[in-house]
Amino acid sequence: MSSSAERPSPGGSSPDSPSGGSAALNPKVIGISIAAAVGGFLFGFDTSVINGAVNALSDEFSLGAGLTGFAVSSALIGCAVGAWFTGGLANRFGRVPVMVIAAVLFFASAVGSGLAVGVWDLIAWRLLGGLGVGAASVIAPAYIAEVAPAKYRGRLGSLQQLAIVLGIFTALLSNALLADVAGGSAEQLWLGVDAWRWMFMIEAVPAAIYGIMALRLPESPRYLVGKGDLDKASKILYDFTGELDVNLKIDQIRTSLEQEQRETFRDLLGERFGLRPIVWIGILLSLFQQLVGINVIFYYSTTLWQSVGFDESQALLTSTITSVMNIVATILAILLVDKVGRRIMLLVGSAGMTVSLGLMAFAFSFGQVTGGDTVSLDQPWSGLALVGANAFVMFFGTTWGPLVWVLLGEIFPNRIRASALAVAAAAQWAANFAVSTTFPALSEIGLTFAYGLYAAFALLSFVFVYLQVPETKDRELEDMDDLQLGRADKSRSS
């Protein structure tokens, strides 16, 4: 007999949880969700830390513009590859072992990048770190969705995005502090090692913490049920998730998983357009999250702020302030997501991003080219561009930033979740790479054209959400079936 039979089983379901889950949020599930989201912190840190080192490493290795750009964006290739293969690894070995692997990759990349002797081994170490980022981008939302009660899943799932933006902020702040102490990113700091190298190596500290925390996490109960370990799954559901009727929950999970005995990428295939409709929804959510150009703000923000009249130090300070705004926006999203719902928030976000990006495109139409290809703006257009950029960050940070990760963790049926999330995350990293590498070329055509293009994608994202994205608020993961996620449910926004 499974240990679930020994757990309290009231025999009925609470109003707030169809499976009989506890109405109160168990502090233990908050703790393990935060621990899992540390992978998101490293995700944000790793992808942003190179910003402060670009000029110094370019001078150190005598790089041209093309190779410098590739060194900056090379990690994104590793991200796409890591995301693609994580689903299969998670299904075979479990969610927790994949987190440990990601932590090892982060640690090795941090140390290796800091000790790089040439640009090509730096790129190799950055690719290795990208594999860790890709793995973390898949496994954290999947794990949190699988341990969180339905009533609080949106809030807990948003911890991933909060961790990402905290990682971005910490990377920017540590870069600024290290450069300030050394007197410049190319100057020597501790042990005769240049500051830009310490910028990379400092990531080894949170990587080690992540690995230690991951080793102490319980495995996903849904993974354990799939492997037949019902005793351990029952204990985790009761002790961590707060399920009162674990027998009923185990039965629901088993019914969901038994529809397919073994998950493979072949299970993602559908009759039309190659993939199941729900998989396409996940892919398009991922693509639109990047195609609106959010990472242009974070990767090229210094140039943007200098174009509106700031000097370099003011531009760096403003970039840091923008990252703080992103943190505040994400916290606001956490407070709203389980009350308002996913669908309405995405629609508001799409509308707000369309308007704010349109303002930026309009403002830069009055820009003047000064000194090479630099674009400068006079008042009032510089102020309008500043307002538009910050409004864009706020609309994205309260909606599309965190909610896409929440939806990717919950919209897929149990039997295809890890593989489908891996495909969607790989698409997201590919889009990130495309947007990041094409912005310089687009800006040469004109910043009005670049931001106008991102505004067009924001408008398309509104149409996509309105027509295709279902509301998943308060749904149990076992109810996430392709047929049930139809148009009839799209009106459920509360």
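No experiment lies behind these values; they were computed from the predicted model shown.
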Check for a donor-acceptor pair, side chain of R342 on one end and backbone N or O of V404 on the other, with a separation under 3.5 Å. no

Determine whether M345 and L336 make a side-chain contact, defined as any pair of heavy atoms from C-beta on separated by less than 4.5 Å. yes

Is there a donor-acceptor contact under 3.5 Å from the side chain of Q289 to the main chain of G401? yes

Listed partners of F288 passing ring pair (Phe, Tyr, Trp, His ring centres under 6.0 Å), at least two apart: F464

Qualifying residues under ring pair (Phe, Tyr, Trp, His ring centres under 6.0 Å), relative to F169, sequence neighbours excluded: none

With heavy-atom distances below 4.5 Å as the criterion, would you say the side chains of V100 and Y210 are in contact? no

Using the ring of each side chain (for Trp, its six-membered ring), is F61 parallel, tilted or perpendicular to W196, with breaks at 30° and 60°? perpendicular

Heavy-atom side-chain proximity of L347 to F462 below 4.5 angstrom: yes

Given side chains that start at C-beta, do those of I334 and L162 come closer than 4.5 Å, heavy atoms only? yes

Which of these passes side-chain contact (heavy atoms from CB on, under 4.5 Å) with L127: L122, I77, V81? I77

Is there side-chain contact between V406 and P141, with at least one heavy-atom pair below 4.5 Å? no

For the residue pair V328 and L332, establish whether any side-chain heavy-atom pair is separated by less than 4.5 Å. no

For E203, enumerate each residue passing the side chain to side chain donor-acceptor pair (under 3.5 Å) test, keeping only those at least two apart in sequence or located in another chain. none

Any sub-3.5 Å donor-acceptor pair from S33's side-chain atoms to L156's backbone N or O? no

With L224, which residues qualify under side chain to side chain contact (heavy atoms under 4.5 Å, CB included), at least two apart? E219, D229, K232, A233, I236

Less than 4.5 Å apart, any side-chain heavy atom of V469 and any of L285? yes

Minimum side-chain heavy-atom gap W198-M201 below 4.5 Å: yes

What's the separation between atom CG in L403 and atom CZ in F396, rounded to the nearest 0.5 Å? 10.5 Å

Acceptor/donor pairs from residues 108-120 side chains to any protein atom, 3.5 angstrom cut, sequence neighbours excluded:
residue : atom : partner : partner atom : Å
S109    : OG   : W125    : O            : 2.8
S109    : OG   : G129    : N            : 3.4
S113    : OG   : S109    : O            : 2.8

Quick check on side-chain contact (heavy atoms from CB on, under 4.5 Å): which of L172, L166, I202 does F45 satisfy it with? I202

What pairs meet the salt bridge (charged side-chain N to carboxylate O under 4.0 Å, His left out) rule with one or both residues in residues 107-133, with sequence neighbours excluded? D46-R126

Which pair of non-hydrogen atoms, one from A80 and one from A426, has the smallest distance, and what is that distance? O-CB, 3.6 Å

Looking at Y466, does the NZ or CZ of R343 lie under 6.0 angstrom from its six-membered ring centre and within 45 degrees of the ring axis? yes

Nearest 0.5 Å, what's the CG-OH distance between L291 and Y454? 9.5 Å

Determine whether the aromatic ring centres of F43 and W429 lie less than 6.0 Å apart. yes

